[in-house]
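Just below is one structure, and these are the notes that go with it.
Numbered from 1 within each chain, the chains take letters A, B, ... in sequence-line order.
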Protein chains: 2
Amino acid sequence: MTPQRQAILEYLVTEHSHPTADDIYKALSDRFPNMSVATVYNNLRVFKDIGLVQEMNYGDASSRFDFVTSRHYHIICDACGKVVDFNYPVLDEIEAVASQLTGFKVDRHRLEVYGTCPACQTEQAHKH
Amino acid sequence: MTPQRQAILEYLVTEHSHPTADDIYKALSDRFPNMSVATVYNNLRVFKDIGLVQEMNYGDASSRFDFVTSRHYHIICDACGKVVDFNYPVLDEIEAVASQLTGFKVDRHRLEVYGTCPACQTEQAHKH
DNA sequence: ACACTATTTATAAAGATTACTATGTAAGAA
DNA sequence: TTCTTACATAGTAATCTTTATAAATAGTGT
């Protein structure tokens with residue numbers, strides 16, 4: 001557990017945003033002026049492998065990383081990219097159905113809702 | 001509707017795989033030896049904009065493209081990357097709940113199930 | 001034939017992520 | 001302490017996917 005590793009983990013735990021690797025890199029560049037981007041990626045992979053952190057890919061943009069606490073889903077704003085958590089009963093049934101229909105051994109699923117966040121809604125309304 | 005455009009669309013309709021841009025490019029390189037990769041991307045974007053084709057991003061790998069027929073979900077093999085369709089009632093409720101909880105105006109959602117396909121299951125079993 | 005518009009090709013460029021190498025650093029054994 | 005081993009980091013090059021750009025091409029209508 002190096003200082004850099006601790007700082008990255010700390011950032012993920014305390015910040016409730018869903019930062020990209022670059023967000024983390026920039027946020028910590030004050031405390032670690034010569035930390036490498038590769039270090040951020042390396043540590044994020046370590047955290048992911050042991051299940052502490054979840055990686056989320058959206059389109060062509062950068063991956064976002066989320067410290068895993070409780071089970072929740074994400075809703076993402078198409079306009080500004082903001083990610084917000086929301087709770088919903090875990091969709092176990094769809095996994096069972098998918099497994100039956102396809103013969104796959106199911107491991108997990110991934111669900112995201114897309115739309116426009118309140119802030120961007122008002123901004124778009126003001127454009128008239 | 002150029003010959004290249006037609007060929008790309010034809011490939012998406014007839015092949016029931018979920019090809020990447022590069023898959024399409026390679027598959028058509030016999031008939032169009034000097035077609036550019038950019039042409040594939042351009043046309044895929046055109047198809048996507050008019051709603052003929054759906055783009056799917058998985059992790060760091062390339063996007064996959066799916067000709068839109070009926071509403072269905074995807075299950076993806078972690079071992080070989082294969083994508084298989086399966087049918088399930090559309091999850092309208094989760095969109096409503098998410099909207100209520102977050103104040104977002106919901107546009108759509110995205111759901112994928114991950115696991116191991118039958119072929120890779122047997123292959124993994126034979127490794128003992 | 002001429003102008004206009006859209007498409008293609010070819011290539012450069014961008015952006016995110018990984019690979020690689022050398023350096024550093026901490027822990028353990030002799 | 002000193003040597004050794006293992007691993008983390010920094011720095012940079014390389015890779016891969018996708019987009020941007022500019023020139024060439026082809027089609028359509030006048």
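- The aromatic rings of B:His74 and B:His18 stand perpendicular to each other, their planes meeting at an angle above 60°, with 30° marking the opposite boundary.
- In this structure, the OH atom of A:Tyr41 is 17 Å from the P atom of D:dC16, given to the nearest Å.
- The shortest distance between side-chain heavy atoms of A:Leu111 and A:Tyr88 does not fall below 4.5 Å.
- A 6.0 Å sphere centred on CD of B:Gln6 holds no more than 12 heavy atoms belonging to other residues, nucleotides or ligands.
- Salt-bridge annotation for B:Asp22 and B:Lys26: present, with a side-chain N of the basic residue lying under 4.0 Å from a carboxylate O of the acidic one.
- Protein atom CE of A:Met56 is 16 Å distant from nucleotide atom P of C:dA16, rounded to whole Å.
- Side-chain proximity of B:Ser36 to the nucleotides C:dT7, D:dT12, C:dT9 is greatest for C:dT9.
- Heavy-atom nearest nucleotides on DNA chain D were determined for A:Ala38 and for B:Asn42, and the one closer to the 5' end corresponds to A:Ala38.
- Side-chain polar atoms of B:Thr39 and B:Asn42 form no donor-acceptor pair below 3.5 angstrom.
- Among the protein residues, B:Asp22 comes within range of no part of the nucleic acid, since none of its heavy atoms lies under 4.0 Å from any strand.
- What separates CG of B:Asn57 from P of C:dA16 is a distance of 14 Å, to the nearest Å.
- Of the two residues near DNA chain C, B:Thr2 and B:Val37, the one whose nearest nucleotide lies more 5' is B:Thr2.
- For A:Tyr25 and C:dA16, the OH to P distance is 13 Å, given to the nearest whole Å.
- Residue A:Ser63 places its side chain closer to C:dT17 than to any other of D:dT9, C:dT17, C:dT7.
- If you measure from atom CZ of B:Arg5 to atom P of D:dA26, you get 17 Å, rounded to the nearest angstrom.
- Atom CG in B:Leu44 sits roughly 15 Å away from atom C1' in C:dT7 (whole-Å rounding).
- We find that CE of A:Met35 is positioned 16 Å from P of D:dT12, with the value rounded to whole Å.
- Rounded to a whole Å, the CZ atom of B:Phe32 is 15 Å from the C1' atom of D:dT25.
- Side-chain atoms of A:Gln4 lie closest to D:dA10 of the nucleotides C:dT17, D:dA10, D:dT18.
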